[in-house]
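Structure, as structure tokens:
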Amino acid sequence: MNQPLDTPPPRRAADTTAASAAPHGRCPAAAAKDPTPCEGPRDAATIVDRHGRESAGCVHHCARLLAGLEGARVHPFVPAPQALDVYSRARELPPFAWEIGR
């Protein structure tokens, strides 16, 4: 691509819709029906679904998202402590945990 270095890279359409769909004060990985608050930074981890779509969010909501998406994974550039935290939390959760009060 022949872009000047000071030009920001183009954003994918999925990234902008996910960010605008998130309620104010919550990370984009939080499901609309999930009542739990974010834990830590809103961009601590990124989940990649089987189609390559990405969703950044806090560790808590990324774990809940990972538990409910078949074939999803943590982005490879997420630091190891956050990635391990997401995987270990997701392992303990059923899909759509907020529907059963978890």
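- At least one donor-acceptor pair under 3.5 Å links the side chain of His75 to the backbone N or O of Phe77.
- With rounding to the nearest 0.5 angstrom, the CG atom of Leu65 is 11.5 Å from the CG atom of Leu93.
- Between Arg26 and Thr36 the shortest heavy-atom distance is NH1-O, 2.8 Å.
- Looking at Arg89, its side chain never comes within 3.5 Å of a backbone N or O of Leu84 through a donor-acceptor pair.
- Annotation for Ala29 and Gly57: closest pair CB-CA, 3.9 Å, computed over non-hydrogen atoms.
- Going from atom CD of Glu99 over to atom CG of Asp34 covers 10.0 Å, rounded to the nearest 0.5 Å.
- Across Ser88 and Asp85, no two heavy atoms sit closer than the pair OG-O, 3.1 Å.
- Rounding to the nearest 0.5 Å gives a distance of 9.5 Å between CH2 of Trp98 and NZ of Lys33.
- The two residues Ala67 and Pro95 have their closest heavy-atom pair at O-CG, 3.6 Å.
- Contact between Ala90 and Ala63 at its shortest, heavy atoms only, is CB-O, 3.4 Å.
- In this model, no donor atom of one side chain and acceptor atom of the other lie less than 3.5 Å apart for His61 and Ser55.
- Contact between Val78 and Ala83 at its shortest, heavy atoms only, is CG1-N, 3.8 Å.
- For the pair Ile47/Val74, a side-chain contact is recorded, criterion being any heavy-atom separation below 4.5 Å from C-beta on.
- Atom CG of residue Leu69 and atom CZ of residue Arg64 lie 13.5 Å apart, to the nearest 0.5 angstrom.
- When side chains are defined from C-beta on, Gln82 does not count as touching Tyr87, because their heavy atoms never get closer than 4.5 Å.
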